Amino acid sequence: MRSDHNDKIAGNGLGSILVTGGAGFIGSNFVLDWLAAGGGPVVNLDKLTYAGNPENLASVQHSPAYTFVHGDICDAELVAKLLQEHKPRAIVHFAAESHVDRSIVGPEAFLRTNIDGTFILLQAARAYYGTLEGSQRESFRFLHVSTDEVYGTLTPEAPAFHEDTPYAPNSPYAASKASSDHLVRAWVHTYGLPAIITNCSNNYGPYQFPEKLIPLMIANALQGKALPVYGDGQQIRDWLYVGDHASALRVVLQSGRVGETYNVGGGNQRSNLEVVTTLCELLDELVPESKFKPHVQLVKYVTDRPGHDRRYAIDARKLEGELGWHAEESFETGLRKTVEWYLANAAWVESVTSGAYQQWVKQNYGGRGGEDAAEERTTIAAGEGSR
Ligand code: NAD
Ligand code: DAU
């Protein structure tokens with residue numbers, strides 16, 4: 001599927017795409033994947049918040065097919081100018097505030113970027129689309145990259161989220177993404193903007209900022225710091241390797257139907273505790289000389305996240321059946337690749353975790369009993385949660 005699709009894109013001779021938030025985790029993986037697949041020129045508009053890192057794209061920074069623009073999606077003038085100048089054949093919208101815990105501590109930035117920013121982008125896209133004619137107008141797409149969190153939480157036995165599951169966002173982050181999805185839907189319905197929405201489950205892989213579960217646990221374990229498991233650790237997430245998300249987005253951009261939503265997920269439901277213990281086992285194997293072995297002894301149960309969603313699971317059959325996409329990585333192969341990447345890229349982790357990151361760690365973990373308590377190790381045993 002992947003190579004046929006790449007050939008089509010490489011040979012189509014169409015113009016550039018405008019990517020927003022391309023210096024973040026998924027955006028940078030997408031840009032690298034897109035350029036490697038010969039997808040055509042990319043213009044990357046990114047504000048470079050704490051989560052954005054131009055280093056992620058160092059390997060393509062001198063490529064004539066790559067243009068970086070340091071700016072805010074809320075800057076309507078800049079967005080309009082970029083569309084005029086580059087006349088992209090698509091906008092792929094990743095830019096967002098993306099961390100649930102940060103949205104609980106400070107929701108304002110989430111409303112501004114995720115809702116206002118998407119509104120500004122939609123208005124600019126609408127004006128630009130109005131100037132297009134013929135095949136350019138025919139093929140133009142606005143791809144809105146969203147999350148499964150808009151659907152709320154599932155009970156253990158409930159069927160996985162499908163495209164018709166009612167929206168029930170529970171965190172400020174999820175509410176802001178749900179709002180942005182609704183705006184996109186309305187711009188399709190009312191103004192005829194040719195947009196498509198994707199709702200994806202939890203991603204993991206290279207370049208993920210170590211505030212999120214998997215890279216945080218790897219980084220802490222390597223330093224002998226506590227591994228802070230929220231609540232009882234039995235919350236379930238459905239994990240997808242980021243490269244598989246990138247391939248899904250390429251397929252949707254190429255063949256997705258306008259006005260439709262596609263759920264994206266890898267069918268890998270795991271409890272947080274399972275994820276953390278698997279990571280510990282991988283680290284025991286891959287860093288045999290570590291003085292913190294067995295790494296599982298670093299697990300520490302800490303106060304739960306307020307409003308913590310219990311379970312997410314994605315039904316991706318529409319994307320698989322209609323567009324022929326399939327995830328290539330299993331959770332086991334993807335997780336091993338990811339741990340190996342973090343081991344080989346300690347300098348990257350070091351560079352993104354200096355400065356303001358330390359402040360965040362204090363703010364998020366300070367009051368919940370998850371400080372850097374290497375000496376306070378607790379062994380992992382059933383029912384040991386200290387909530
Ligand atoms: P991220 O936090 O790693 O990156 C976000 C990027 O957006 C950063 O480069 C940041 O600098 C940029 N940005 C933030 N505000 C901006 C603004 N106002 N203007 C321009 N750029 C701005 O996020 P991510 O994990 O890569 O997620 C990307 C998108 O995918 C988000 O929309 C998120 O909701 C969605 N998503 C993420 C996941 C996941 O598991 N990480 C899963 C499903 C969907
Ligand atoms: O489901 C898709 C979403 O996945 C994306 O839309 C979000 O942008 C992305 O951040 C992610 O949200 P989560 O809240 O699921 O991801 P996070 O990595 O923050 O947490 C995963 C699970 O691990 C969650 O149940 C909370 C738990 N957790 C997280 C951290 C950071 C812990 O137990 N300890 C921690 O220190």
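Being a predicted model, the structure only gives us computed values, none of them experimental.
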L282 to V339 - nearest heavy-atom pair and separation | CD1-CG2, 3.9 Å

In plain terms, say whether E322 and R317 are close enough for a salt bridge, that is, a side-chain N and a carboxylate O under 4.0 Å apart.
-> no

To the nearest 0.5 Å, atom CG of N199 lies from atom NE2 of H162 at 12.5 Å

CA sep, side-chain torsions, deciding dist, call: V276, V229, side-chain contact (heavy atoms from CB on, under 4.5 Å) | CA-CA 8 Å; V276 175; V229 171; 4.3 Å; yes

Taking the side chain from T20 and the backbone from A95, do they hold a donor-acceptor pair closer than 3.5 Å?
-> yes

Contact check, side chains of V275 and M217, non-hydrogen atoms, under 4.5 Å = no

How many angstroms lie between CZ in F110 and CD1 in I104, if you round to the nearest 0.5 Å?
-> 9.0 Å

Any donor-acceptor N/O pair, S171 side chain to V100 backbone, under 3.5 Å = no

Does a side-chain N-to-carboxylate-O contact under 4.0 Å join E149 and K177?
-> no

Would W325 and Y262 count as a ring pair (Phe, Tyr, Trp, His ring centres under 6.0 Å) if you check the C-alpha gap in whole Å, the side-chain angles of each, and the deciding distance to 0.1 Å?
-> CA-CA 11 Å; W325 172 87; Y262 293 91; over 10 Å; no

Keeping the roles fixed (side chain from D75, backbone from L78), state whether a donor-acceptor pair exists under 3.5 Å.
-> yes

Mind running side chain to side chain donor-acceptor pair (under 3.5 Å) on N268 and D238 for me, showing each step along the way?
-> CA-CA 5 Å; N268 293 304; D238 188 348; 5.3 Å; no

Pairwise distance CG(L122) to OG(S180) - rounded to 0.5 angstrom | 8.5 Å

Applied to residues 42-74, the ring pair (Phe, Tyr, Trp, His ring centres under 6.0 Å) test, sequence neighbours excluded, yields Y50-F209

Can you find a heavy atom in the side chain of L18 that is under 4.5 Å from one in the side chain of L45?
-> yes

Is the distance between the ring centroids of F331 and Y241 less than 6.0 Å?
-> no

Going by an N to O cut-off under 4.0 Å, is there a salt bridge joining K293 and D284?
-> no

Any donor-acceptor pair under 3.5 Å linking the side chain of S255 with the backbone of V252?
-> no

Basic-acidic side-chain contact under 4.0 Å: R185, E260 | no

Residue pairs meeting ring pair (Phe, Tyr, Trp, His ring centres under 6.0 Å), one or both in residues 72-100, sequence neighbours left out, come to F30-F94, H93-H144, H99-W360

If the plane angle is over 60° it's perpendicular, under 30° parallel, otherwise tilted; pick one for H182 and Y167.
-> tilted

Nearest heavy-atom pair of N56 and G24: which atoms, and what distance?
-> ND2-O, 3.8 Å

Geometric cation-pi criterion R368 and Y230, 6.0 Å radius, 45° cone = yes

Could you tell me whether the side chain of V242 reaches within less than 4.5 Å of the side chain of P206, counting heavy atoms only?
-> yes

Are L249 and F25 co-members of a hydrophobic cluster defined by side-chain heavy atoms under 4.5 Å apart?
-> yes

Q358 side chain to T353 backbone, donor-acceptor under 3.5 Å | yes

In I115, N114, L111, V184, the residue satisfying side-chain contact (heavy atoms from CB on, under 4.5 Å) with S179 is I115

Give the minimum heavy-atom separation between L216 and P228, together with the two atoms involved.
-> CD2-CG, 3.9 Å

Taking the side chain as every heavy atom from C-beta outward, state whether N53 and Y207 have any pair of such atoms under 4.5 Å apart.
-> no

Are any of the side-chain nitrogens in R270 or E332 under 4.0 Å away from the carboxylate oxygens of its partner?
-> yes

Sequence neighbours excluded, the answer for side chain to side chain donor-acceptor pair (under 3.5 Å) partners of D46 is none

Is there a donor-acceptor pair closer than 3.5 Å between any side-chain N or O of N203 and the backbone N or O of H245?
-> no

Just by distance, with hydrogens left out, do W187 and Q123 show a side-chain donor and acceptor under 3.5 Å apart?
-> yes

Between P294 and V296, is any pair of side-chain heavy atoms under 4.5 Å apart?
-> yes

Are the side chain of R311 and the backbone of I236 linked by a donor-acceptor contact shorter than 3.5 Å?
-> no

Is D101 salt-bridged to K212, cutoff N-O under 4.0 Å?
-> no

Does Y342 reach the side chain of Q208, with side-chain heavy atoms less than 4.5 Å apart?
-> yes

Say whether D309 and Y312, considering side chains only, have a donor N or O and an acceptor N or O under 3.5 Å apart.
-> yes

Side chains of S201 and W239: do they bring a donor and an acceptor to under 3.5 Å?
-> no

Before accepting this row, confirm whether a basic side-chain N of the pair R237/D148 lies closer than 4.0 Å to the acidic partner's carboxylate O.
-> no

Do V258 and Y128 share a hydrophobic cluster, counting only Ile, Leu, Val, Met, Phe, Trp and Tyr and linking them when any side-chain heavy atoms are less than 4.5 Å apart?
-> no

Roughly how far, to the nearest 0.5 Å, is CG of L227 from CD of Q297?
-> 9.5 Å

Would a distance-only check, ignoring hydrogens and angles, find a side-chain to backbone donor-acceptor pair under 3.5 Å from S103 to Y173?
-> yes

Same apolar cluster (I L V M F W Y, side chains within < 4.5 Å links), V31/V264 | yes

Side chain to side chain, L83 and T131, heavy atoms closer than 4.5 Å | no

Go through the side-chain N and O atoms of K87 and S16 and say whether any donor and acceptor fall under 3.5 Å apart.
-> no

Answer yes or no: is there an ion pair linking K337 with E329, defined by an N-O contact shorter than 4.0 Å?
-> yes

Smallest separation among heavy atoms of E328 and D244, with atom names | N-OD1, 2.7 Å

Salt bridge between K81 and E85, side-chain N to carboxylate O under 4.0 Å?
-> yes

May I ask whether L253 and V42 are part of the same hydrophobic cluster, defined by side-chain heavy atoms of I, L, V, M, F, W, Y residues being less than 4.5 angstrom apart, directly or through others?
-> yes

Kindly confirm or rule out a cation-pi arrangement of R89 over F140, judged by NZ or CZ under 6.0 Å from the six-membered ring centre and within 45° of its axis?
-> no

Side-chain donor/acceptor of Q136 to backbone N/O of E133, under 3.5 Å | no

Joint hydrophobic cluster, V43 plus V145, side-chain heavy atoms closer than 4.5 Å | no

With rounding to the nearest 0.5 Å, note down the distance linking CG in N44 to OG1 in T67.
-> 9.5 Å

Has the side chain of D33 got a donor or acceptor atom that lies under 3.5 Å from a matching backbone atom of N29?
-> no

Residue pair I91 / A125: nearest heavy atoms and the distance that separates them = CD1-CB, 3.8 Å

E289, CD: over 12 other non-hydrogen atoms inside 6.0 angstrom = yes

To the nearest 0.5 angstrom, please state how far the CG atom of L279 sits from the OG1 atom of T338.
-> 9.0 Å

Heavy-atom side-chain contact between K318 and N263 under 4.5 Å | no

Which atom names give the shortest non-hydrogen contact between L57 and G22, and what distance separates them?
-> CD1-O, 3.2 Å

